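Labels below follow one simple rule: chain letters A, B, ... track the order of the sequence lines, proteins then strands, and each chain is numbered from 1. Remember, it's a predicted structure, so these values are computed and weren't measured experimentally. Below, all heavy atoms of this structure are taken into account, side chains as well, without hydrogens, waters or symmetry copies.
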Amino acid sequence: MKSVVPQKNVSMRDVFGDTLLKFSLESSRVYAIDGDLANSTKLDTVANGNPKKFLQMGIAEQNMMSVAAGLATTGLQPWACTFAAFLSKRAIDQIQVQIAQPKLDVKMIGAYSGLLTGVTGKTHQALEDIAIFRSLANMVVLAPADAIEMKQMMEFAHKYEGPVYMRIARDPYPVIVDGKYQFEFGKATTLKDGKDITIISTGTQTSRSLAAAEQLEAEGISVAVVHMPTIKPLDTDAIINAAKSTGVIVTAEEHSIYGGLGSAVAEVLVEECPAPMLRVGVKDVNAESAKNDDLLEKYGLSEGHIVKTVKEALKKKRN
Amino acid sequence: MNSSLSKEKIMLLKEKASEARKLIIETVHHAEAGHIGGPMSATDIITNLYFHEMNIDPNDPRNEERDRFVLSKGHSAIGLYAVLALRGYMPVEELQTFDSLNSRLQAHPDMNTLPGLDMSTGSLGQGISAAVGIALGAKLQGKRYRTYCMIGDGESQEGQVWEAADIASKYELDNLVGILDYNKLQQFGWSDDEKSRKSPIHDPKERWESFGWHVIEIDGHNQEEIEKAFNEAREVKSKPVMIIANTVKGKGVSFMENQFLWHSRIPTDSELNQAKKELEMGAL
């Protein structure tokens, strides 16, 4: 895919609810599992549209995930959804022992992932979920850039038999993939070509990376943007190719700089194709409750930060 | 509720339980690893489940209609393995591989390695929730199988047990039977009473009833009482059932009974011989 101009904003959580309702109507195996957040996560679309396929587990995430595991052993496909902060930390032992280790067919949807969680602050922000889920054997980790890609990922996850974690965003994001796009499991996609440097981004940081790349282009810097929708298993070839073709890399993610996409890319580069790189992410601090733009600015995730980081990275580029 | 067990059946269950206890001690002695006290308090109940109560077939261990058993107190795995071996799920000799490299008999039950294990457990408090999921799955799909789950009294300190209790009650899972292996000891416990080292679980009956469960209290080493409890459980409607089985940790061997140190101690050669002798005598 070539350069794509961001289009209208679409809410991931709305499309998530609609898509899961469709699955629940089409497949007898699909159940929605809620931790009392359905009207936030939009799991209520299933509760309203197909109430028999909606199971309320209350405010008890550990039990919720173990129940999902039990349901999966009976042949059902539970889609458990709660805030990514709780899924990734509160119930992680249950997920590891009863879902990941036995490779059960449970889909885990981390809603309100990242920094922008609707003015709820550091208790509800999920900046470690990629690191945590990526470290579990048998786990698939997905981070869609927009609602269209998320829907395609859900279709993949529905067909795939095994544990899948998908982190999605609360707020509407611009649609950046075009009508011809098809999510491919385990494959990166080049959203913009460029020859000076590559930004490898995931999830919601991809639209900001594209905007930053356009801005840099106007300043005469040619920036490639490679979107990494599957964080595990990682498309190592795409990373090696980016290092070979542009010689320097910046990663961008709405996540801590520790353990997430930046770490994953660094691991590949160091082992396979050493190249200078810098990471855009939250730098070992706890954030706070504030408006989205203020958070992005203060915690280093805005377009402006990506632009600045690209310029710093270029100084490290070997000639 | 009466017991319909014949004298012959009671004798068979006692013999199998005694054999299982010997296998537990032999296996732990051989592997130089594993637990003893908990598996032996649970043996009579697990033996009843696999030799009488449950609808299962060792030759078709993944049949969709089978009854399920979740050992939530997963560290008692060797007790379950001994009974499964005696029931024909695997050769008895395979118990010697317990806890060794590439064995199907992991320290804690792994549903992916051994057909016949209905859930992976080991991290306490999780099995009962999974059993809730399995029982709920049966209800949702109109299946008639029943789900049994054994928890420990030490395990009941995990908050997740009570999360599960709430949801089982909410969904009226009358196809779920919990069994509390109430042996009143745990790994180390509380030292204020050096002899009993009792856990703070007082009156589990009141607790489970307050969560909306139907509670039956029995002697967990008496096969007739175990059978009567399972029969009563089958008659309960719209509520999950918790059988509080009063048991003795290390049951069957005089020097192991009620000794918290036998939670996971390895017997010496002479302790092994003494234990086997006592079990053989006790079975008669």
Side-chain angles (χ1 to χ4, degrees), chain A residues 24 27-36 46 50-80 82 86 90-108 136-138 161-163, chain B residues 62-70 72 74 106 108-115 117-145 147 149 151 158-171 173 175-176 211:
Chain A
S24 78
S27 163
S28 61
R29 296 181 60 225
V30 170
Y31 278 81
I33 317 289
D34 183 30
D36 196 35
V46 181
N50 192 3
K52 284 185 179 164
K53 303 303 276 305
F54 177 86
L55 300 173
Q56 178 59 268
M57 290 296 129
I59 308 164
E61 295 79 9
Q62 301 185 349
N63 179 63
M64 169 182 173
M65 297 317 294
S66 295
V67 168
L71 288 167
T73 69
T74 72
L76 300 179
Q77 186 181 74
W79 287 65
T82 181
F86 308 145
R90 220 163 167 146
I92 200 64
D93 185 40
Q94 286 71 15
I95 290 170
Q96 175 162 36
V97 173
Q98 299 202 295
I99 297 172
Q101 288 176 355
K103 300 181 205 146
L104 289 172
D105 195 18
V106 178
K107 311 309 167 191
M108 291 154 273
L136 302 185
N138 300 330
E161 201 183 324
Chain B
R62 294 205 164 119
N63 189 307
E64 282 185 23
E65 309 302 325
R66 74 189 187 280
D67 287 343
R68 268 71 163 179
F69 176 62
V70 178
S72 198
Q106 291 293 296
H108 299 91
D110 180 343
M111 66 186 291
N112 294 104
T113 60
L114 184 70
L117 297 177
D118 296 320
M119 192 67 218
S120 294
T121 54
S123 186
L124 292 174
Q126 298 179 359
I128 179 91
S129 294
V132 168
I134 295 169
L136 184 55
K139 290 260 179 195
L140 295 170
Q141 297 172 91
K143 301 254 184 202
R144 302 191 58 174
Y145 66 79
T147 302
C149 176
I151 61 169
E158 292 281 6
Q160 186 178 354
V161 169
W162 306 100
E163 296 181 359
D166 246 349
I167 294 299
S169 183
K170 171 72 190 155
Y171 283 94
L173 299 179
N175 55 351
L176 173 65
F211 276 82

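Among B:Lys143, B:Gln141, B:Met111, the residue with the largest count of heavy-atom pairs under 4.5 Å with chain A is B:Gln141. Top candidate by heavy-atom pairs under 4.5 Å with chain A, chosen from B:Ser129, B:Gly137, B:Gly125, B:Ala130, is B:Ser129. Ranked by non-hydrogen atom pairs under 4.5 Å with chain A, the options B:Val161, B:Ile134, B:Leu136 are led by B:Ile134. Contact count versus chain B (heavy atoms, under 4.5 Å) is highest, among A:Leu76, A:Asn63, A:Val67, A:Val97, for A:Asn63. For the set A:Thr73, A:Ile59, A:Asp93, the entry with the most heavy-atom pairs within less than 4.5 Å of chain B is A:Asp93.
Contact between B:Ile167 and A:Met57 at its shortest, heavy atoms only, is CD1-O, 3.5 Å.
By the 4.5 Å heavy-atom criterion applied to side chains, A:Leu104 and B:Met119 are counted as neighbours.
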>> Go through it in stages, so that I can follow the logic: the residues are B:Leu140 and A:Thr74, the test is side-chain contact (heavy atoms from CB on, under 4.5 Å), and I'd like the CA-CA distance, side-chain angles, deciding distance and then a yes or no.
In response: CA-CA 10 Å; B:Leu140 295 170; A:Thr74 72; over 6 Å; no
>> Please evaluate residues B:Lys170 and A:Gln56 with respect to the criterion side-chain contact (heavy atoms from CB on, under 4.5 Å), reporting the C-alpha separation (whole Å), side-chain torsions for both, the decisive distance (0.1 Å), and the verdict.
In response: CA-CA 10 Å; B:Lys170 171 72 190 155; A:Gln56 178 59 268; over 6 Å; no
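Looking at B:Glu64, neither its backbone nor its side chain comes within 4.5 Å of chain A, counting heavy atoms on both sides. Heavy atoms of B:Asp118 lying under 4.5 Å from chain A belong exclusively to its backbone.
With A:Gln98 contributing its side chain and B:Ser120 its backbone, the two residues share a donor-acceptor pair below 3.5 Å. Not one N or O on the side chain of A:Gln62 forms a donor-acceptor pair closer than 3.5 Å with the backbone of B:Gln160.
The 12-atom threshold is not exceeded at NZ of A:Lys103, counting heavy atoms of other residues, nucleotides or ligands nearer than 6.0 Å.
Between the CD atom of A:Glu61 and the CD atom of B:Glu163 there is a distance of 7.5 Å, given to the nearest 0.5 Å.
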